Amino acid sequence: MKKIITGIAAFLILTNCTKEKLSDCLLPEPDKNEHLITENALKIHKNKNTIRERFSPPEGYEWSEENPDSFGYFIENFKLKPYGSQILKYDATPISTQHLHEAIFDIDTGNKDLQQCADAAIRMRAEYLYKTKKFDEIKFHFTSGDLLSWNDYKNGTRAFVNGNSVSFRKTAAFDDSYQSFRNYLDLIFNYAGTISLNKETKPVTKNSDLKTGDILITPGSPGHIVFISGVCRNKEGKRLFLLSEGFTPAQSIHVLSNPFNPYFTPWYDLDTDAQETKTARYFFKPTNFRSF
């Protein structure tokens, strides 16, 4: 299969496939909220190792229930690193900003600068589908629009980018090992990003439809993504949310603090109709929630 991409737009798209990695998750403005961080007023069970066990909802709220085979359940019950763990870059060195997260997902970042913001959401989604053996659903688009599935990759299909064209050829033997799966994801991380992920997800336009696993995204270069990693609600139906992300350079996937409401941190009050949504390390304008 071969897809020819023509014109200046094609050049920009294919350039974005690689160059997006350099600036996909830059802040639109400097963080000016460090002074708002205070001691968390909510109970954090520091000896617990999943999101659902570690973080108590605010008074009057309870965790929303998730179906055990859902993406949301997978995220909320994903193993965390010990409380207080630092965010580490792909080269195992700590990032300079260590005061805006509350937890670290116990998942590798790889040893290359690949698994950034969009890639963190892709990684969690792919790991869920892999664990639940929904292999037919593991497929992601490049920024160019070309699609590569895990089924094709494990059967030996590889991508070749030459100028303004992307081609796929079977050049490798069948390999359905987990290491092969990680190699597939590294390839996706290299050529996918916020632009492609925005196109292959569906808009969420009502607050009542937001759920764990949905993403908040600004597509572009620069752009950014956070994903909902927990939901709680009170008796009146009001809901609060936990947010998680990867970032640039490639680094640990982490649960964000909420510097704008230190007494509710790390919970966020989200609104699909908001003109702007501020998170600890990025301001999303406009607000754009989407779902896999």
Side-chain angles (χ1 to χ4, degrees), residues 33 36-46 48-80 100-105 117 120-121 124-125 128 197-198 201-218 224-246 253-292:
N33 303 288
L36 295 178
I37 302 292
T38 64
E39 182 67 22
N40 195 315
L42 300 180
K43 177 66 175 178
I44 294 180
H45 306 280
K46 298 180 180 181
K48 300 297 184 180
N49 66 352
T50 68
I51 288 177
R52 197 175 181 92
E53 293 176 328
R54 185 173 292 181
F55 299 108
S56 295
E59 184 177 355
Y61 287 78
E62 294 182 352
W63 273 98
S64 296
E65 293 302 320
E66 289 284 347
N67 189 312
D69 65 353
S70 69
F71 185 33
Y73 186 93
F74 174 81
I75 291 174
E76 291 178 6
N77 292 277
F78 200 92
K79 185 179 179 182
L80 300 174
L100 295 174
H101 72 279
E102 288 289 354
I104 303 291
F105 283 76
C117 58
M124 296 303 295
R125 180 67 178 177
Y128 158 70
L197 198 54
N198 185 68
T201 49
K202 299 173 292 186
V204 181
T205 58
K206 296 191 297 184
N207 290 334
S208 58
D209 290 338
L210 286 174
K211 62 185 182 302
T212 300
D214 288 348
I215 60 176
L216 173 59
I217 178 170
T218 294
H224 191 45
I225 289 177
V226 299
F227 62 91
I228 296 175
S229 47
V231 182
C232 66
R233 70 176 67 226
N234 63 16
K235 293 180 179 179
E236 288 73 40
K238 172 70 175 177
R239 300 193 299 167
L240 298 173
F241 305 85
L242 297 175
L243 297 176
S244 298
E245 67 175 11
I253 302 175
H254 50 276
V255 180
L256 287 167
S257 301
N258 182 356
F260 311 102
N261 193 335
Y263 298 104
F264 270 11
T265 187
W267 296 92
Y268 281 79
D269 185 2
L270 302 177
D271 184 359
T272 58
D273 294 325
Q275 294 298 308
E276 179 182 53
T277 299
K278 296 181 179 182
T279 67
R281 301 174 70 190
Y282 192 91
F283 296 174
F284 292 86
K285 187 176 183 179
T287 295
N288 178 29
F289 286 102
R290 304 186 72 84
S291 180
F292 287 99

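Throughout, residue positions are numbered sequentially from 1 according to the sequence presented. Computed from a prediction, not measured in an experiment: that's the story for all the values here.
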Drop me the distance from Leu256's CG to Phe241's CZ, to the nearest 0.5 angstrom.
15.0 Å
Any Tyr263 side-chain heavy atom under 4.5 Å of Asn261 side chain:
yes
Pair Val231-Leu210, side chain to side chain contact (heavy atoms under 4.5 Å, CB included): steps then yes or no:
CA-CA 9 Å; Val231 182; Leu210 286 174; over 6 Å; no
If you compare all heavy atoms of Phe283 against all heavy atoms of Glu276, which two are closest, and at what distance to 0.1 Å?
CB-OE2, 3.8 Å
Whether Phe264 and Tyr61 hold their rings parallel, tilted or perpendicular, with breakpoints at 30° and 60°:
perpendicular
Which atoms form the tightest heavy-atom contact between Pro58 and Leu240, and what is the distance?
CG-CD1, 3.6 Å
Spell out, as yes or no, whether a donor-acceptor pair under 3.5 Å connects the side chain of Asn49 to the backbone of Lys79.
no
Output every pair passing salt bridge (charged side-chain N to carboxylate O under 4.0 Å, His left out) with a member in residues 262-272, not counting sequence neighbours, ordered by first then second residue.
Lys238-Asp269
Ignoring hydrogens and geometry, is there a side-chain-to-backbone donor-acceptor pair from Trp63 to Phe55 under 3.5 Å?
yes
Closest non-hydrogen atom pair, Ser291 against Lys211:
OG-NZ, 2.8 Å
What are the two closest heavy atoms between Asn67 and Tyr73, and how far apart are they?
O-CB, 3.1 Å
Drop me the distance from Ile104's CD1 to Ile253's CD1, to the nearest 0.5 angstrom.
10.0 Å
Look at the aromatic rings of Phe71 and Tyr128 and report parallel, tilted or perpendicular, splitting at 30° and 60°.
tilted
Are side-chain heavy atoms of Trp267 and Leu242 found at a separation under 4.5 Å?
yes
How many angstroms lie between atom CZ of Arg290 and atom CD1 of Ile215, to the nearest 0.5 angstrom?
7.5 Å
Results of salt bridge (charged side-chain N to carboxylate O under 4.0 Å, His left out) for Lys202 - residues two or more places apart only
none
To the nearest 0.5 angstrom, please state how far the SG atom of Cys117 sits from the CD1 atom of Ile225.
5.5 Å
Looking only at non-hydrogen atoms, find the nearest pair between Pro259 and Ala280 and report the distance.
CD-CB, 3.7 Å
Classify the angle between the aromatic ring planes of Phe105 and Phe78 as parallel (below 30°), tilted (30 to 60°) or perpendicular (above 60°).
tilted
Take His101 and Arg281, measure what side chain to side chain contact (heavy atoms under 4.5 Å, CB included) needs, and give me the verdict at the end.
CA-CA 10 Å; His101 72 279; Arg281 301 174 70 190; over 6 Å; no
Measuring from atom CG of Leu270 to atom CZ of Arg239, what distance do you get when rounded to the nearest 0.5 angstrom?
9.5 Å
Within the side chain of Thr287, is there an N or O that forms a donor-acceptor pair under 3.5 Å with the backbone of Ala274?
yes
Leu80 versus Ile51: any side-chain heavy-atom pair under 4.5 Å?
yes
Any non-hydrogen side-chain atom of Thr218 less than 4.5 Å from a side-chain atom of Tyr282?
yes
Taking all non-hydrogen atoms of both residues into account, name the closest pair between Gly72 and Glu66 and its distance.
CA-OE1, 3.8 Å
Give, for atom CG of Leu197 and atom CD1 of Ile217, the distance between the pair rounded to the nearest 0.5 Å.
5.0 Å
Any donor-acceptor pair under 3.5 Å linking the side chain of Thr50 with the backbone of Asn77?
no
Sequence neighbours left out, what pairs pass salt bridge (charged side-chain N to carboxylate O under 4.0 Å, His left out) with at least one residue falling in residues 49-62?
Arg52-Glu65, Arg52-Glu76
